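Structure first, commentary second.
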Amino acid sequence: MLPQRAIEERVQKGLEEDERWKIIVRKNNWLCPYCGKIGARELRMDEAIEAKLAQHFQKSCERWQDFVAE
């Protein structure tokens, strides 16, 4: 598995460059492009989105495999 910082850097790049990463639903919930579930719940503007999304990938995303798409 990739280290936390490497995941956060890839997340940041995805948010900047990939349209699939830009799906934000009601109440600032982010929709995971890998599993389709809400990846980061109740985000606040003072929270680092990269860290929240990295945690989702590492702990609860059933389809994420180090950024390799199926």
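Quick caveat: nothing in here was measured; it's all calculated off a predicted structure. Every heavy atom of this structure was used, including side-chain atoms; hydrogens, water molecules and symmetry mates were not.
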Heavy-atom side-chain contact between Trp30 and Lys52 under 4.5 Å: no
Less than 4.5 Å apart, any side-chain heavy atom of Ser60 and any of Lys37? no
Once you measure the plane-to-plane angle for Trp64 and Phe57, does it fall in the parallel (<30°), tilted (30-60°) or perpendicular (>60°) bin? parallel
Under 4.5 Å between any side-chain heavy atoms of Tyr34 and Val68, yes or no? no
Does any donor atom in the side chain of Gln4 or Glu8 lie under 3.5 Å from an acceptor atom in the other side chain? yes
What residues form a side-chain contact (heavy atoms from CB on, under 4.5 Å) with Glu9, not counting sequence neighbours? Arg5
Rounded to the nearest 0.5 Å, what separates atom CD1 in Ile7 from atom CD in Gln55? 10.5 Å
Who pairs with Glu17 by salt bridge (charged side-chain N to carboxylate O under 4.0 Å, His left out), at least two apart in sequence or on another chain? none
Under the side-chain hydrogen bond (donor to acceptor under 3.5 Å, both in side chains) test, which residues partner Asp66, sequence neighbours left out? none
